[in-house]
Amino acid sequence: QVQLVESGGGLVQPGGSLRLSCAVSGRIFSINAMGWYRQAPGKQRELVATITSGGSANYADFVKGRFTISRDNAKNTVYLQMNSLKPEYTAVYYCNANINRSWGSSRYAYWGPGTQVTVSS
């Protein structure tokens with residue numbers, strides 16, 4: 001079975017930084033695009049950043065210049081470096097990976113359980 005596990009969340013003061021990691025494990029043929037999403041209390045889940053298998057990144061406007069998404073294909077891991085954090089960035093951050101489990105199979109979107117990021121003084 002495929003599993004995604006996020007790590008690196010926690011409590012940070014405004015202006016601080018965190019780096020989130022998401023490791024993918026299980027029976028996998030290939031991992032295509034990966035991404036990070038967030039969900040604040042009472043709000044919808046929204047895209048933060050995505051990255052293709054070749055390393056091309058796209059960001060939501062509200063994090064451009066502050067967050068950097070990257071991946072290590074050898075480790076099946078995607079990262080989100082978060083700098084200059086503000087309280088409004090407080091949310092549960094979820095990892096997403098589009099995965100083919102075998103040759104010729106369709107891609108399927110997998111999600112991690114989420115990691116809490118709290119920005120507060």
Side-chain angles (χ1 to χ4, degrees):
Q1 59 189 43
V2 176
Q3 290 187 319
L4 282 66
V5 180
E6 302 98 338
S7 62
L11 176 64
V12 63
Q13 293 187 357
S17 299
L18 287 174
R19 190 176 79 145
L20 307 184
S21 300
C22 174
V24 180
S25 63
R27 300 178 67 181
I28 298 166
F29 178 74
S30 64
I31 303 175
N32 299 294
M34 306 180 78
W36 290 95
Y37 293 69
R38 72 174 187 180
Q39 187 168 22
K43 298 185 181 296
Q44 296 289 107
R45 187 176 300 186
E46 63 180 339
L47 183 144
V48 175
T50 61
I51 186 167
T52 69
S53 61
S56 180
N58 288 281
Y59 300 92
D61 288 342
F62 68 89
V63 301
K64 286 184 177 179
R66 296 177 181 269
F67 291 8
T68 302
I69 189 171
S70 62
R71 64 191 288 169
D72 185 337
N73 291 333
K75 297 181 179 179
N76 291 338
T77 300
V78 63
Y79 306 93
L80 185 68
Q81 179 67 46
M82 305 185 295
N83 298 325
S84 302
L85 286 166
K86 298 179 178 181
E88 54 262 42
Y89 295 160
T90 295
V92 177
Y93 284 73
Y94 296 90
C95 176
N96 168 265
N98 295 290
I99 295 171
N100 296 96
R101 294 196 64 197
S102 64
W103 182 89
S105 66
S106 299
R107 292 193 304 271
Y108 188 86
Y110 291 84
W111 295 89
T115 184
Q116 177 70 47
V117 172
T118 302
V119 185
S120 176
S121 60

A side-chain contact here means heavy atoms from C-beta on lying under 4.5 Å apart; do [X] and [Y] qualify?
{"X": "Leu80", "Y": "Thr68", "result": "no"}
{"X": "Lys64", "Y": "Tyr59", "result": "yes"}
{"X": "Glu6", "Y": "Pro113", "result": "yes"}
{"X": "Asn100", "Y": "Tyr108", "result": "no"}

About how many Å separate [atom2] of [Y] and [atom1] of [X], when rounded to the nearest 0.5 Å?
{"X": "Ile99", "Y": "Met34", "atom1": "CD1", "atom2": "CE", "value": "7.0 Å"}
{"X": "Met82", "Y": "Ser17", "atom1": "CE", "atom2": "OG", "value": "8.5 Å"}
{"X": "Thr118", "Y": "Tyr89", "atom1": "OG1", "atom2": "OH", "value": "15.5 Å"}
{"X": "Trp36", "Y": "Cys95", "atom1": "CH2", "atom2": "SG", "value": "5.0 Å"}
{"X": "Asn98", "Y": "Ile31", "atom1": "CG", "atom2": "CD1", "value": "10.0 Å"}
{"X": "Arg71", "Y": "Cys22", "atom1": "CZ", "atom2": "SG", "value": "10.5 Å"}

More than 12 foreign heavy atoms under 6.0 Å from CZ of Phe62: is that the case here?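 Buried by this count: over 12 neighbours within 6.0 Å.
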Side chains of Thr90 and Glu88: any donor to acceptor distance under 3.5 Å?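 Their side chains do not contain a donor-acceptor pair, so the 3.5 Å distance test is not met.
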Check: Ser53/Asn32 side-chain N/O donor and acceptor closer than 3.5 Å: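 There is no such pair between these side chains.
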Candidate pair Thr77 and Asp72, rule side chain to side chain donor-acceptor pair (under 3.5 Å), full reasoning: CA-CA 5 Å; Thr77 300; Asp72 185 337; over 6 Å; no
Classify the ring geometry of Tyr94 against Trp111: parallel below 30°, tilted from 30° to 60°, perpendicular beyond 60°.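 Rings of Tyr94 and Trp111: perpendicular, over 60°.
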